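For reference, the structure discussed in these notes is given below.
If you read the sequence from its start, that first residue is 1, and numbering goes on from there. Being a predicted model, the structure only gives us computed values, none of them experimental. As a basis for the values below, the full set of heavy atoms in this structure was taken, side chains included, without hydrogen atoms, waters or symmetry mates.
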Amino acid sequence: MLSVAKLRLGDLEKKERQLAEHQTAAADGRMSFGDALAIYEQRLKGDASLKPRTREYHEQRIKALLRSWPELKQTELRNITKSDCLNWSPTFSQGRSPTAFNHTVGILPQILEIGVESGVRYDNPARFVKRLSERSEKPHLPEINQFEQFVTEIENGGGGFSKSCADLVRFMAFGGFRKTEAANICWSDCDFARGKIAVKGDPVTGTKNGESREVPMIPDMHRLLERLRSECGDEAPDAPVMRVRECQKAMDRAAHVIGMRRITHHDLRHLFATRAIEAGVDIPTVSRWLGHKDGGALAMKVYGHLRDHHSVEMAQKVTFSPPAEKPIASRLHDRAVSLRDNPEL
């Protein structure tokens, strides 16, 4: 619309003017961190390979960086030293997860590298900042009986969408979907004849890895979908299966009421994978169900753990002792049966 374009023209001119000023400053050998940041954000915006959520996360990390280092934005790039970066990193790491720290530390040298590209400085002082070790913690997942109690408490929460929230928890736990994937599954994606669900993700950005996949309907999932289909009546094939997109508050309340550790939507994905592994499904198959493209490496690292009671049960099958010899009477009986079934012997 021309009217909308005219309204946006002023913002576009302002951004282009600022970018030109930054480039001019770089040409003159002057560039502040803010100048380099503006160029970095322009490149970020023009990177078509980035999904909106990834771009949003980058912006969050940049804000966290500037809050932790207030004078950084106005500082000339050539005046930022190795000591400045090393003194900042320990303070920034306090109270933050290793993942958040590492992602922020990954952005800082990319911005400073723009100064190197422009000839403002010869080296990148941020390259000396060490990344933190990221250890994947074993998720604390509910047992089968506890999960049933958890879902029942959500369902009986008394809210207008309590039942729908409980169905979403079941749906995600029975299929291992990500939250966005679950929200975008329609009835046309559910193939009851083949017993499979097509996972396509967001209509615009797709799944996390950009590829659709099929997840088999386990018996619990099949019963859930049959019930939901009978309740919804004649809904259009493109209608979403789930009536709510998220239910974290309902999950938090239910976990508190029954005395269970808090779990998130993503933990339901962990729960699906763990149940599948404990049921004897091999890691590569679970990996395909989850939509991983690494043949099972990530699934082995994250989901390959087995809880204590399952480990003990499996350990009983491991032995170094020779098989016990049967009593003589039992061996004679087996021999007689073999001769009866095979007269030629």
Report yes if some heavy atom in the side chain of [X] is under 4.5 Å from a heavy atom in the side chain of [Y]; otherwise report no.
X      : Y      : result
Thr91  : Asn87  : no
Met251 : Val169 : yes
Ile80  : Arg121 : yes
Arg194 : Glu214 : yes
Phe33  : Trp69  : no
Asn145 : Glu148 : no
Arg229 : Leu225 : no
Glu41  : Lys45  : no

[atom1] of [X] to [atom2] of [Y]: how many Å apart, nearest 0.5 Å?
X      : Y      : atom1 : atom2 : value
Ile62  : Lys73  : CD1   : NZ    : 10.0 Å
Cys247 : Met172 : SG    : CE    : 7.5 Å
Leu168 : Lys179 : CG    : NZ    : 9.5 Å
Leu108 : Asn124 : CG    : CG    : 7.5 Å
Cys165 : Arg245 : SG    : CZ    : 13.5 Å
Ile111 : Asp35  : CD1   : CG    : 12.0 Å

* To do: Flag yes if more than 12 heavy atoms outside Phe161 fall under 6.0 Å of its CZ atom; otherwise flag no.
  => no
* To do: Answer yes or no: are there more than 12 heavy-atom neighbours, outside Lys163 itself, under 6.0 Å from its atom NZ?
  => yes
Return yes if a side-chain donor-acceptor contact under 3.5 Å exists between [X] and [Y], otherwise no.
X      : Y      : result
Gln248 : Asp252 : yes
Arg288 : Thr285 : yes
Asp84  : Thr81  : yes
Arg61  : His103 : no

Check the hydrophobic clustering (I, L, V, M, F, W, Y; side-chain heavy atoms under 4.5 Å; chains of links allowed) and say if [X] and [Y] are grouped together.
X      : Y      : value
Leu37  : Val116 : no
Ile258 : Ile263 : yes
Ile185 : Trp187 : yes
Val281 : Phe272 : yes

[X] side chain vs [Y] backbone, donor-acceptor pair below 3.5 Å:
X      : Y      : answer
Asn102 : Leu132 : yes
Arg55  : Leu44  : yes
Arg269 : Phe177 : no
Ser93  : Pro90  : yes
Arg178 : Gly201 : no

* Lys/Arg N to Asp/Glu carboxylate O, Arg243 vs Glu235, below 4.0 Å -> yes
* To do: Run the salt-bridge test on Asp167 and Arg227 with the 4.0 Å N-O cut-off and return the result as yes or no.
  => yes
What's the shortest heavy-atom distance between [X] and [Y], and which atoms?
X      : Y      : value
Ile154 : Ala166 : CG2-N, 3.6 Å
Trp289 : Ala276 : CZ3-CB, 4.2 Å
Ala183 : Pro240 : O-CB, 4.1 Å
Ile277 : Val286 : CG1-CG2, 4.2 Å
Tyr57  : Ala100 : OH-CA, 4.0 Å
Leu77  : Ala36  : CD1-CB, 3.9 Å

* With salt bridge (charged side-chain N to carboxylate O under 4.0 Å, His left out) as the test, would you mind laying out the steps for Glu153 and Arg253 before giving the verdict? => CA-CA 9 Å; Glu153 182 59 40; Arg253 187 200 66 81; 3.1 Å; yes
* Could you walk me through whether Thr264 and Asp267 pass the side chain to side chain contact (heavy atoms under 4.5 Å, CB included) test, one step at a time? => CA-CA 5 Å; Thr264 65; Asp267 287 329; 3.3 Å; yes
* Asked: After noting the C-alpha distance and the side-chain angles of Arg213 and Glu181, does the key distance pass the salt bridge (charged side-chain N to carboxylate O under 4.0 Å, His left out) rule?
  -> CA-CA 11 Å; Arg213 67 182 188 278; Glu181 293 173 347; 2.9 Å; yes
* **Stepwise salt bridge (charged side-chain N to carboxylate O under 4.0 Å, His left out) test for Asp123 and Lys82** => CA-CA 10 Å; Asp123 62 340; Lys82 171 184 174 181; over 6 Å; no
* To do: Please step through side chain to side chain contact (heavy atoms under 4.5 Å, CB included) for the pair Leu290 and Ser287, ending with a clear verdict.
  => CA-CA 5 Å; Leu290 294 172; Ser287 177; 5.9 Å; no
* Do Met221 and Val215 pass the side chain to side chain contact (heavy atoms under 4.5 Å, CB included) test, and can you show the C-alpha distance, the side-chain angles, and the key distance before you say yes or no? -> CA-CA 11 Å; Met221 175 67 84; Val215 177; over 6 Å; no
* Asked: Do the rings of Phe92 and Trp88 sit parallel, tilted or perpendicular, given the 30° and 60° boundaries?
  -> parallel
* Asked: Excluding sequence neighbours, so at least two apart, what forms ring-ring contact (aromatic ring centres under 6.0 Å, His included) with Phe192?
  -> His222
* Structure fact -> Contacts of Arg43 meeting salt bridge (Lys or Arg N to Asp or Glu O under 4.0 Å) (sequence neighbours excluded), chain-then-number -> Glu117
* Asked: What do the steps show when you test Arg275 against Ile144 for side chain to side chain contact (heavy atoms under 4.5 Å, CB included), and what is the final call?
  -> CA-CA 9 Å; Arg275 288 281 187 272; Ile144 294 177; 3.6 Å; yes
